[in-house]
Protein chains: 2
Amino acid sequence: MEFNVFAKACPSRPTLEHVTGRWGGLTLGVLVDGPLRFNELRRRVDGVSEKMLSQTLQALERDGLVHREAQNTNPPRVDYSLTPLGRETADRLLALIHLLEARMPEVLEAQKAYDAR
Amino acid sequence: MEFNVFAKACPSRPTLEHVTGRWGGLTLGVLVDGPLRFNELRRRVDGVSEKMLSQTLQALERDGLVHREAQNTNPPRVDYSLTPLGRETADRLLALIHLLEARMPEVLEAQKAYDAR
DNA sequence: CAGCATCCTTATCGATACTG
DNA sequence: CAGTATCGATAAGGATGCTG
């Protein structure tokens, strides 16, 4: 079977959107450093709301990229971690993120030039 | 200077969003094969509307990832191509896309398992 | 702590019509 | 051909209150 994200109806496209979406990428990104709990994640992914983080984690879990482990204690404790596939995905994502971060001076330069026209 | 996409106000975050956004990534992805004209792009990025493609291209051009070359002929002809930075970015993006496409069976499997609970 | 439910505001998007 | 302008539907997102 062939998958192609460039095709409108390909099932790979929703998954790509989860991974590259506003919060999906950042969530995967912070999880490469190891498992994190819900509120820990919230703090690291600066700006994400409870609701969005929750939704994002569910989508990533459903895609098999994130593993959710709930301990039935009081207070409750839930650990989120990357699956093997999640880690591979996150690695590629971080390669992109690091490139962009490193080249931001160039980007800002281009923006200034564009706006000056 | 330090850039960090995980920080809410970092200027790198909008750029990451342009690159990983719904249409930005696909647009960069098809441009790796060489320069394309507007309507050619529209056809290849299946599902994108005129408006979204236009906006996407402007954002990518402003970030210095895409080069726009307009010829003042009649009918008009405009070629879009990747800048060197755009190409490096697209390469990383494609690495991610190809990984996901290759592993979609695994993803679909995980989704089925998730939904069955 | 780790969420879900609800409401409400805002941005996104697509469709349509139009221009140089 | 390569767009821009405008509008209405829809979805994303934030704030708040509540639960086990």
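In what follows, every chain begins at residue 1, and chains take the letters A, B, ... in the order their sequences are listed.
The side chain to side chain donor-acceptor pair (under 3.5 Å) test applied to B:His67 returns B:Glu69, not counting sequence neighbours. Under the side-chain contact (heavy atoms from CB on, under 4.5 Å) criterion, A:Arg92 pairs with A:Glu88, B:Ala95, B:Leu96, B:Leu99, sequence neighbours left out. Looking at residues two or more places apart in sequence or on another chain, you find a side-chain contact (heavy atoms from CB on, under 4.5 Å) between A:Gln71 and A:Thr73, A:Arg77, A:Asp79. Under the salt bridge (charged side-chain N to carboxylate O under 4.0 Å, His left out) criterion, B:Asp115 pairs with A:Arg62, not counting sequence neighbours. By the side chain to side chain donor-acceptor pair (under 3.5 Å) test, A:Glu106 pairs with A:Arg103, sequence neighbours left out.
When rounded to the nearest whole Å, the span between CD of B:Glu17 and P of D:dA12 equals 15 Å.
Between B:Tyr80 and D:dC1 there is no side-chain N or O to OP1 or OP2 distance below 4.0 Å. Taking 4.0 angstrom as the limit, B:Arg77 places none of its side-chain polar atoms (N or O) nearer than this to OP1 or OP2 of D:dG3.
If A:Glu50 and A:Pro76 are placed on DNA chain D by their nearest nucleotide, the residue sitting closer to the 5' end is A:Glu50.
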For residues 4-12 of chain B, tabulate all N or O donor-acceptor pairs below 3.5 Å that involve a side-chain atom, not counting sequence neighbours.
from	atom 1	to	atom 2	distance (Å)
B:Asn4	OD1	B:Phe6	N	3.0

Mind listing the side-chain donor-acceptor pairs of residues 27-42 of chain B below 3.5 Å, one per line with the distance, residues two or more places apart or on another chain?
from	atom 1	to	atom 2	distance (Å)
B:Thr27	OG1	B:Trp23	O	2.7
B:Glu40	OE1	B:Arg43	NH2	3.0

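Comparing the end axes of the helix from C:dC1-D:dG20 to C:dG20-D:dC1, each fitted to five base pairs by superposing C1' atoms of four pairs onto the next four, gives an inter-axis angle of 50° (nearest 10 degrees).
Less than 4.0 Å separates DNA chain D from at least one heavy atom of each of the following residues of residues 51-62 of chain B: B:Lys51, B:Ser54, B:Gln58. Listed in residue order, the members of residues 37-48 of chain B having a heavy atom less than 4.0 Å from DNA chain D are B:Arg37, B:Phe38, B:Asn39. Within residues 19-34 of chain A, the residues having any heavy atom closer than 4.0 Å to DNA chain D are, in order of number, A:Arg22.
Note that the first and last nucleotides of DNA chain C, 5' to 3', having any atom under 4.0 angstrom from a heavy atom of chain B are C:dC13 to C:dG20.
In this structure, the separation between CZ on B:Arg13 and CD on A:Glu101 is 10.5 Å, given to the nearest 0.5 Å.
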